[in-house]
Amino acid sequence: MNRFFAGALALMFSACLSAGGARADEDNYPSRQITLIAGFPAGSGADVYARFFARKLEEALKQTVIVENKPGGLGSLSVVALKNAKPDGYTMLIGSADQFTAAPHVFQNPPYDPLKDFDYVAPVFSQAFMMLVNAKSPYMHISDLTKAMKEKGDKASYATPNFPATILAEMYKANAGGLDTLQVRYKTSADTLNDFSSGAIDYMVGDPVFGLARSRDGTLRILAVSTAKRISSVPDIPTFEEEGVPNVDVRIWWVLAAPKGTPKPILEKMHKVMTEVTTSDDARKFVGTNGGEPMTLDSPQATLDYATMDVKRWEEWAKIGKIEKQ
């Protein structure tokens, strides 16, 4: 009996030490290197974003923050890696929220549940998509493009490099009076440039990083942004609504996320720090240069609530975009 009580006391003492150690680690967080998983190739446009914010977090936290690239599977490989990571706050993911929220609507058998398998820390920024044409084309406005596409019918074609682009393109076709233009899918936005030059495609929908870069070098012309209101960082570009195409509002957002079960104090600290980083002058300038805007929410819970709304929005978008599950 004495041995039984001695063993029980030892277990209780061990549990107390373990709990105390966990609380101490939370209080001292971060006490070692943090890894940010990113679901895109090193050196890509999106990777530039991830490394910018990793550097800013490193400065704010006074601790090393590295980016670990895990591209593939429409972003799902990186999200699976996050799901399987230890929920201790030292492995998180930074990237487009649709890697999580679109999953139930683009995969036959999603490898994760976006609302049950993760803790959402904070938003990072939001971005619109852009309607692009060859800079040498005669199309100066959406109305010019629409008129020409109606005349060409199914002999006209357009490029899309990803799901948001496909969704926006379908919104345009439907709300511009029902166009018969044919979609051509590309792996990346850059892959479209040769076909643009040859005249094989008439227009494309692209992300603002690509669109603004090609506009600045004189390759492409931007006709409109996909948001309901103009983007503050590029105020000269009109919306689809202003160009006579109603009911178009497509905006993606980036998020910092963690494995489910990450301690609440860590989530709250990272939310505070990420919000401070996102709203800093450096971040506003960097994101604005690439056609984005800082995005903030009040708490990790508010971020989860927004993600919940985004899952429902993607259900509607997947139908609009006629996206077949992979």
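Only this structure's heavy atoms are used, side chains among them; waters, hydrogens and symmetry mates stay out. These numbers were taken from a predicted model, which means no experiment stands behind them.
Ring orientation note: the planes of Phe107 and Tyr112 are nearly perpendicular, at an angle over 60° on the 30°/60° scale. A parallel orientation is assigned to the rings of Phe52 and Phe286, their planes being inclined by less than 30° (bins at 30° and 60°).
Only one option out of Met204, Gln183, Glu170 pairs with Thr160 in a side chain to side chain contact (heavy atoms under 4.5 Å, CB included); it is Gln183.
A donor-acceptor contact under 3.5 angstrom links the side chains of Asp191 and Thr188, judged on distance only. Asp98 and Trp253 share no donor-acceptor pair across their side chains, judged by distance under 3.5 Å alone. Using modelled atom types, one finds no donor on one side chain facing an acceptor on the other under 3.5 Å when comparing Asp88 with Tyr29. Remark: the Thr181 side chain and the Tyr203 side chain contain an N/O donor-acceptor pair separated by less than 3.5 Å. Of the N and O atoms on the side chains of Glu293 and Ser126, not one donor lies less than 3.5 Å from an acceptor on the other residue.
Within a 6.0 Å radius of NZ in Lys152, other residues, nucleotides and ligands contribute more than 12 heavy atoms.
Cation-pi contact between Arg32 and Tyr90: present, with separation from the ring centre below 6.0 Å and deviation from the ring axis of at most 45°.
Looking at residues two or more places apart in sequence or on another chain, you find a side chain to side chain donor-acceptor pair (under 3.5 Å) between Thr146 and Tyr172.
Taking the charged nitrogens against the carboxylate oxygens, Asp217 and Arg214 do have a contact shorter than 4.0 Å, which makes a salt bridge.
In this structure, Thr64 and Glu58 approach most closely via the heavy-atom pair CA-OE2, 3.3 Å. Annotation for Gln63 and Pro30: closest pair NE2-O, 3.5 Å, computed over non-hydrogen atoms.
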